[in-house]
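Shown next, in structure tokens, is the structure this report addresses.
Count residues from 1 along the sequence.
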Amino acid sequence: MTEENDAKPPVVTPARVVIALCLIAPFVAMLWVSSYAKVEPTFIGIPFFYWYQMLWVLLSTALTMVAYKLWQRDQRARKGGASA
């Protein structure tokens with residue numbers, strides 16, 4: 001006896017799963033130190049340990065931007081507004 005407009009959207013959606021993965025990936029990558037605690041391969045003379053972490057600074061920025069845009073789109077869709 002409920003109308004379609006009365007139905008609440010699901011809490012866990014594919015977009016929200018992607019958002020969570022985008023935000024969790026940098027933490028996992030940085031906390032798993034044994035995966036990058038080495039000198040080789042070097043990049044322009046910089047040991048792997050350092051350039052790997054600096055690469056994740058850039059990747060984290062990009063992933064956070066993707067998560068933010070997906071979150072904005074999700075919130076607009078939940079409020080009934082136009083999608084991205």
Handout entry: Same cluster (ILVMFWY, side-chain, under 4.5 Å), M30 and L59
Key = yes
Problem - Spatial distance of atom OG1 (T64) from atom CD1 (I19) [nearest 0.5 Å] - result: 11.5 Å
Practice task
Look at the aromatic rings of Y52 and W56 and report parallel, tilted or perpendicular, splitting at 30° and 60°.
Solution key: perpendicular
Exercise for the section: Return the minimal non-hydrogen interatomic distance between D74 and R16, and the atom names on each side. Expected result: OD2-NE, 3.0 Å
Fill in the blank from the handout: Separation between CZ (F48) and OG (S35), nearest 0.5 Å, reads 7.0 Å
Handout entry: side-chain contact (heavy atoms from CB on, under 4.5 Å) between K69 and M65, intermediate numbers included
Key = CA-CA 6 Å; K69 290 297 183 183; M65 287 178 10; 5.6 Å; no
Practice task
Working to the nearest 0.5 Å, report the span between CG of L23 and OH of Y68.
Solution key: 13.0 Å
Practice task
Flag yes if V57 and L31 sit in one hydrophobic cluster, no otherwise; membership is Ile, Leu, Val, Met, Phe, Trp, Tyr, and two members link when side-chain heavy atoms are under 4.5 Å apart.
Solution key: no
Handout entry: Check against side-chain contact (heavy atoms from CB on, under 4.5 Å), L70 and V18
Key = CA-CA 8 Å; L70 286 172; V18 172; 3.5 Å; yes
Exercise for the section: Determine whether L63 and L21 fall in the same hydrophobic cluster, where Ile, Leu, Val, Met, Phe, Trp and Tyr are linked whenever their side-chain heavy atoms lie under 4.5 Å apart. Expected result: no
Practice task
State yes or no: do I44 and V39 share one hydrophobic cluster built from I, L, V, M, F, W and Y residues joined by side-chain heavy-atom distances below 4.5 Å, directly or via other members?
Solution key: no
Problem - Stepwise side-chain contact (heavy atoms from CB on, under 4.5 Å) test for Q53 and Y36 - result: CA-CA 9 Å; Q53 291 177 69; Y36 63 92; 3.8 Å; yes
Problem - Within one Ile-Leu-Val-Met-Phe-Trp-Tyr cluster: Y50 and L55, side-chain cutoff 4.5 Å - result: yes
Practice task
Could you go through the side-chain contact (heavy atoms from CB on, under 4.5 Å) check for T42 and E40 one step at a time?
Solution key: CA-CA 5 Å; T42 60; E40 296 293 330; 4.0 Å; yes
